Amino acid sequence: MLQAAYIAQNRDAVVAGLQKKNFKDTDKVDQIIAIDEKRRKVKFDLDELLSQQNSIAKEIGQLFAQGKRDEADALKGKAPLLKEQSRELQEQLEALELEQYELLVTLPNLPHSSVPSGKTPEENEVVKQVGTIPTMASTAKPHWELLEQFGIVDLALGTKITGAGFPVYLGKGARLQRALVNFFLDEAIAAGYKEVNPPLMVNTDTAFGTGQLPDKEGQMYHATEDNYYLIPTAEVPVTNIHRDDILAEGDLPIRYCAYSPCFRREAGSYGKDVRGLNRVHQFEKVEIVQFQIPEKSYETLEGMVSHVERILQKLELPYRILRLCGGDMSFSSALTYDFEVYSAAQQRWLEVSSVSNFETFQSNRMKIRYKGNEDKKTQLVHTLNGSALALPRIVAALLENNQTAEGTVLLPKVLHSYTGFEVIG
RNA sequence: GGAGAGAUGGCAGAGCGGUCGAAUGCGGCGGUCUUGAAAACCGUUGGCUGUUAAAGGCCCGGGGGUUCGAAUCCCUCUCUCUCCGCCA
């Protein structure tokens, strides 16, 4: 959520930023500024009235203490009018605050200056591409065929037990999941991230804090009896660890990594690109999260990108990094790098990670602040997170890209000690 | 699930309806002393809003109410603790 004061002071830059993000209703910016002015005026008048009431009450108290009952009773008569007026202003203020808030939450974050303009995924900027794209034999199969052939993931069984998009991992498939999770966690821990094992259900405050509510309510599974939401990513509970905290600059950066299952309804995304493990409702992921001072957050972002790169290199997968254009970025991000892995049999790039700097967009919602070493000023931290990594598409790419002439799949060396086997099939 | 107790500043812990943003202790910060440190002593030490700065306003788990005036009274919700029951 952007801050009203910032918008008022940087009106033109805000409008330009929103346009870059392909946000249409830039009129809202001026509305917010106008409401803010009105709001401050009402607040000022209200405070003045409250101040008067306070002093009357105080005076009455003193008169009573001096035994001057009559004077005190006389003063009491002045209160009702003030009270009525202030009640009115109070209502106005609340209405204005609500109105302003409702506008504010509809504004996406502003893009960083390095974000390319553009509206569609085709306009994302390819920052780099690493590894060679394997040329597959004509017998190469897409992963959904391999899953079935090897018996390592049963999608139909998941449908029977739960519904479409809830894969059942079996035998080597299950062990590969566990191996990847451990590998990713070990990499993160070695890079200085503290491991967190968070709740998989969160309350509304938490879901609001990272921006899932109100914008993406329909994308989360909702346990209505207790009003909890199943997490769509560990980012949600982990970033909320520091909700309402005031950290010390010396504590930053704070780095967390967390393994968790992720639950996504993916409402509305039926039909294409959903075969096999390409898009599922439940999957596993290791997430990395950082809290950093504003001056260093982009440096930190680059560090997170390098971390993900290292993992992909160790997995020997060809990948490319995209800097998302304004129109393709998420609502709350200021700069996002997407990682895509080339899936040889599908002959397409699969998104396996998304690493973003949210600047103060999330921290403003969550009131995550820090106190400076020097100036002792309290200000909002920058939050960042990224997948390192999400499993299903990694599994898909590993299977498809490492097919041998004999029809088996060779796992990359780095995983052998984790899986306890080297070949599937 | 049943019964009871409670929720106050970073922590602990006071707080007859009136001058309480809140005693006191600990912790933190600054200083005196010391070669340095500890101890002792002195001072200081919440957040939000607002302003050039102030003044002012709001915050004692959340919400609502009574009152000229609420941390203190009432209602309600949430959470925590103790005992019982159940249980991986």
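What you are looking at is a predicted structure, and each value in this text was computed from that prediction instead of being measured. By convention in this document, chain letters (A, B, ...) are assigned in the order of the sequence lines, proteins followed by strands, and residues within each chain are numbered from 1.
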query = Taking atom types as modelled and ignoring hydrogens, do the side chains of Gln292(A) and Thr300(A) form a donor-acceptor contact shorter than 3.5 angstrom?
reply = yes
message = Distance check, P atoms only: rA5(B) and rC74(B), in whole angstrom units.
response = 13 Å
ask   = Has Lys371(A) got a side-chain N or O lying under 4.0 Å from the OP1 or OP2 atom of rG47(B)?
value = yes
OP1 or OP2 of rG50(B) under 4.0 Å from side-chain N/O of Lys41(A) = no
query = Across all strands shown, which nucleotide pairs with rA38(B) by Watson-Crick or G-U wobble geometry, both distances under 3.5 Å?
reply = none
key: Ala79(A), nearest nucleotide to its side chain (from rG56(B), rG47(B), rC68(B))   = rC68(B)
query = What nucleotide, of rG18(B), rU66(B), rC48(B), holds the atom closest to the side chain of Arg87(A)?
reply = rU66(B)
key: For rG50(B), the Watson-Crick or wobble partner whose two distances fall under 3.5 Å   = none
query = With both distances kept under 3.5 Å, what pairs with rC79(B), Watson-Crick or G-U wobble?
reply = rG6(B)
task = Check every atom of rG69(B), rG57(B), rG47(B) against the side chain of Asp47(A) and return the nucleotide holding the closest atom.
result = rG57(B)
message = Heavy atoms only, 4.0 Å cut-off, all strands: where does Lys367(A) land among base, sugar-phosphate and nothing?
response = nothing
message = If I pick the P atom on rG6(B) and the same atom on rG10(B), what distance separates them, to the nearest angstrom?
response = 24 Å
ask   = rC48(B), rG56(B), rU19(B): which one has an atom nearest the side-chain heavy atoms of Gln62(A)?
value = rU19(B)
inquiry  = Say we look at rU32(B) and rA39(B): how far apart would their C1' atoms be, to the nearest angstrom?
reply    = 13 Å
inquiry  = Given the ring of Phe208(A), does Arg365(A) sit roughly above its face, with NZ or CZ under 6.0 Å from the centre of the six-membered ring and within 45° of the axis?
reply    = yes
Ile246(A) CD1 to rG10(B) P, straight-line distance once rounded to whole Å = 8 Å
ask   = Looking at Phe421(A), does the NZ or CZ of Lys172(A) lie under 6.0 angstrom from its six-membered ring centre and within 45 degrees of the ring axis?
value = yes
task = Using both distances under 3.5 Å as the test, list the Watson-Crick or G-U wobble partner of rC33(B), or none.
result = none
remark   = Looking only at rU19(B), rC48(B), rG18(B), the nucleotide nearest the Ala57(A) side chain is rG18(B)
query = Arg39(A) has a side chain; which of rU49(B), rU66(B), rA55(B) sits nearest to it?
reply = rU49(B)
key: Nucleotide nearest Ser51(A) when distance is taken to its side chain, options rG56(B), rG69(B), rU51(B)   = rG56(B)
key: Gap in Å between the two C1' atoms, one belonging to rU52(B) and one to rG63(B), rounded   = 38 Å
message = With a cut-off of less than 4.0 Å, is there a side-chain N or O of Asn54(A) near OP1 or OP2 of rC68(B)?
response = no
query = Taking atom C1' in both rG56(B) and rG61(B), what distance in whole Å separates the two?
reply = 27 Å
task = For rU44(B), give its Watson-Crick or G-U wobble partner with both distances under 3.5 Å, or none.
result = rG28(B)
message = Mind checking if Ile60(A) touches a base, just sugar-phosphate, or nothing, with heavy atoms under 4.0 Å?
response = base
remark   = Of the candidates rU19(B), rG56(B), rC68(B), the side chain of Lys76(A) sits closest to rC68(B)
